[in-house]
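Take a look at the structure set out below.
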Amino acid sequence: MTAIAVGVAIAIGAGYWIAHLQNAGNPVPLITESQAQSDSAAPADGERKILYYRNPMGLPDTSPVPKKDSMGMDYIPVYADDQPDDSGAVVVSPARIQTLGVKTAEVELRTVDAAVRASGRIEFDERRQVVVAPRFEGWIERLHVNAVGDPVRKGQPLFTAYSPELQSTGEELRIAERLASQSAAQDPIASESARRLAEATRARLRNLQVAGQAGARQVFHAPASGVVLEKEAIEGGRFMPGDALFRIADLSKVWIIADVYEQDLARVQVGQTAQVALEAYPGRSFAARVDYLYPTLDAATRSTRVRLAMDNTEGLLRPGMFAQIALAAGDATPKVTVPTSAIIDDGERRVVLLALGEGRFKPQAVKLGQRGRDVVEVLDGVAAGDRVVVSANFLIDSESQLKAALSNLVEPDADDQPQASPTRYEAQGTFDALDAEAGSVTMTHGEIPALQWPAMTMDFMIADPALVKRIAPGSPVRFVFEAGGPGEYIITGIEPVAGVAPSPAATAAGHGGH
């Protein structure tokens, strides 16, 4: 056994010595860094071809080799099959589709619920209000109705007043009537003067709204049925001519003052029927009718006030209640429709993203018709059976434009000069408020590494206030914005993120601005 082991060791040593002599005559060449990069970039059979690497935050910066940005993030490879094709479609990788949360829906033929919806409040019918205001001076001796909110009937006593003015006027009338009667036979001229004096006194009493025999005390009655809205009368208190002691309103009919947006005014007409829903009575609907369209427009909200009349025989409707109004409009003919969330509207164009399959998406310009609660009629651009993107569509649209711009940078046309495109940034946060007059929105967003911004609350300009018309304040959103002038950033796309709460960084961020 010892001899065998020694033989094996000698054979191994001889083999190593021979190999060393061969390598000394033919040294192994060194691999340079450029060759290594070239080898790594060369795709094997069946692998996707990488054209270049782009900035992970969407900045117009590319690299032929892998690298990291200033934040330490890896540049993203752009493959040959990622480029927009001749039809304008863009290919998005399955991983990117999953990251964006892309959802699609089918274009359908369906009836558009084109009812004009508005918010309003119940108000008094101004034509059914009366005030009780004596036309003479006096004191209130006794109150018969002494609380706001008390119901009253027409002709019901309200209060008894004492007035020295009425007492003297009544005495003057009685003396004139007696002189006219007594002197009729002896002195016709004196009798005629007394008669004219009595007639003038009666006219003065009629102007003071005193009915019947004038005296020092006068009982005032309710001029209409209703409820007491205001009561300035106090027992024992003094009143002067014109003081409004009672205000009474008939609530058997009420008004609703609603705010209708400018874009819906053409579909609202006097006499149009409406259904009203109140939070106080869930599940119940009340009928109303358009009574009047006010002639002015609120420049801040771009809305016009509309007055609707409603019966309130049950007494359930109270002035001050908020109401949701649906004005009947449109017809029952099925139309080509897409979900409202499928529309990308940046103020200059209206497009949808057609889902072509295998991760391919194509921006398609559309012409819109009636808008319903959940869907929009499409007059031109898509057909029933097509599929459109309804979630993260504006992010894909941004991706499409970005890839088109980057491809132009890599392969410029010899006949065309390259044109700079706006830098787009994507972010997620919370929509806080809209200032329509200033054309800006307040957003709470998380960190944006591309701009080295921490999480904060700040104001952005917005390309079109209509982008946030259907987004409630406090909603979590994704949005895309561009750099404008110095220190100015403009939101060009925004959509709510259903079922996603604002990130802790966004909700806990301090206030700041740029």
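Note that the structure is a prediction, hence the values are computed from the model and not measured. Just so you know, these numbers use all the heavy atoms, side chains as well, and skip hydrogens, waters and symmetry mates.
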request  = Answer yes or no: is there a donor N or O on one side and an acceptor on the other, between the side chain of Gln272 and the main chain of Arg267, under 3.5 Å?
outcome  = yes

key: Under 3.5 Å donor-acceptor, Thr337 side chain and Glu108 backbone   = yes

message = Would Asp250 and Asp125 count as a side-chain contact (heavy atoms from CB on, under 4.5 Å) here? Give the steps.
response = CA-CA 8 Å; Asp250 180 4; Asp125 186 336; over 6 Å; no

message = Which heavy atom of Ala249 sits nearest to which heavy atom of Leu229, and what is that distance?
response = CB-CD1, 3.2 Å

ask   = Under 3.5 Å, is there a donor-acceptor pair between the Glu262 and Ser303 side chains?
value = no

ask   = Using 4.0 Å as the upper bound for N to carboxylate O, is an ion pair formed by Lys103 and Glu495?
value = no

ask   = Say you draw a straight line from CD1 of Ile122 to CG of Leu308; how long is it, rounded to the nearest 0.5 Å?
value = 11.0 Å

ask   = Hey, does the side chain of Thr340 reach the backbone of Asp374 with a donor-acceptor pair shorter than 3.5 angstrom?
value = yes

ask   = Hey, does the side chain of Ser63 reach the backbone of Val65 with a donor-acceptor pair shorter than 3.5 angstrom?
value = yes

message = I'd like to know if Lys367 and Asp380 make a salt bridge, using a cut-off of under 4.0 Å between side-chain N and carboxylate O.
response = no

Backbone N/O of Arg360 and side chain of Lys362: donor-acceptor pair under 3.5 Å = no

query = CZ of Arg153: more than 12 outside heavy atoms within 6.0 angstrom?
reply = no

ask   = Got a sec: does the OH of Tyr261 have more than 12 other heavy atoms crowding it under 6.0 Å?
value = no

ask   = Going by an N to O cut-off under 4.0 Å, is there a salt bridge joining Glu426 and Arg424?
value = no

note = Of all heavy-atom pairs linking Ala105 and Val390, the shortest is CB-CG1, 3.7 Å

key: Within 6.0 Å of NZ in Lys469, more than 12 heavy atoms from elsewhere   = yes

ask   = Per the side chain to side chain donor-acceptor pair (under 3.5 Å) rule, which among Asp311, Thr313, Asn312 passes with Lys253?
value = Asp311

task = For atom OH of Tyr281, decide whether the heavy atoms of other residues, nucleotides or ligands shown that lie under 6.0 angstrom number more than 12.
result = yes

ask   = Between Tyr425 and Trp453, does the ring centroid distance fall short of 6.0 Å?
value = no

query = Are any side-chain N or O atoms of Ser225 and backbone N or O atoms of Lys154, one a donor and one an acceptor, separated by less than 3.5 Å?
reply = yes

request  = Go through Glu123 and Arg305 one step at a time and tell me if the salt bridge (charged side-chain N to carboxylate O under 4.0 Å, His left out) criterion holds.
outcome  = CA-CA 13 Å; Glu123 302 283 358; Arg305 292 194 306 162; over 6 Å; no

ask   = What distance separates Asp259 CG from Leu297 CG, expressed to the nearest 0.5 Å?
value = 10.5 Å

ask   = Do you know which of Val130, Val131, Val132 makes side chain to side chain contact (heavy atoms under 4.5 Å, CB included) with Phe246?
value = Val132

task = Supply the atom-to-atom distance Arg289 CZ to Ile256 CD1, rounded to the nearest 0.5 angstrom.
result = 12.5 Å

query = Within the distance-only criterion (no hydrogens, no angle test), does the side chain of Asp291 pair as donor or acceptor with the backbone N or O of Ala309 below 3.5 angstrom?
reply = no

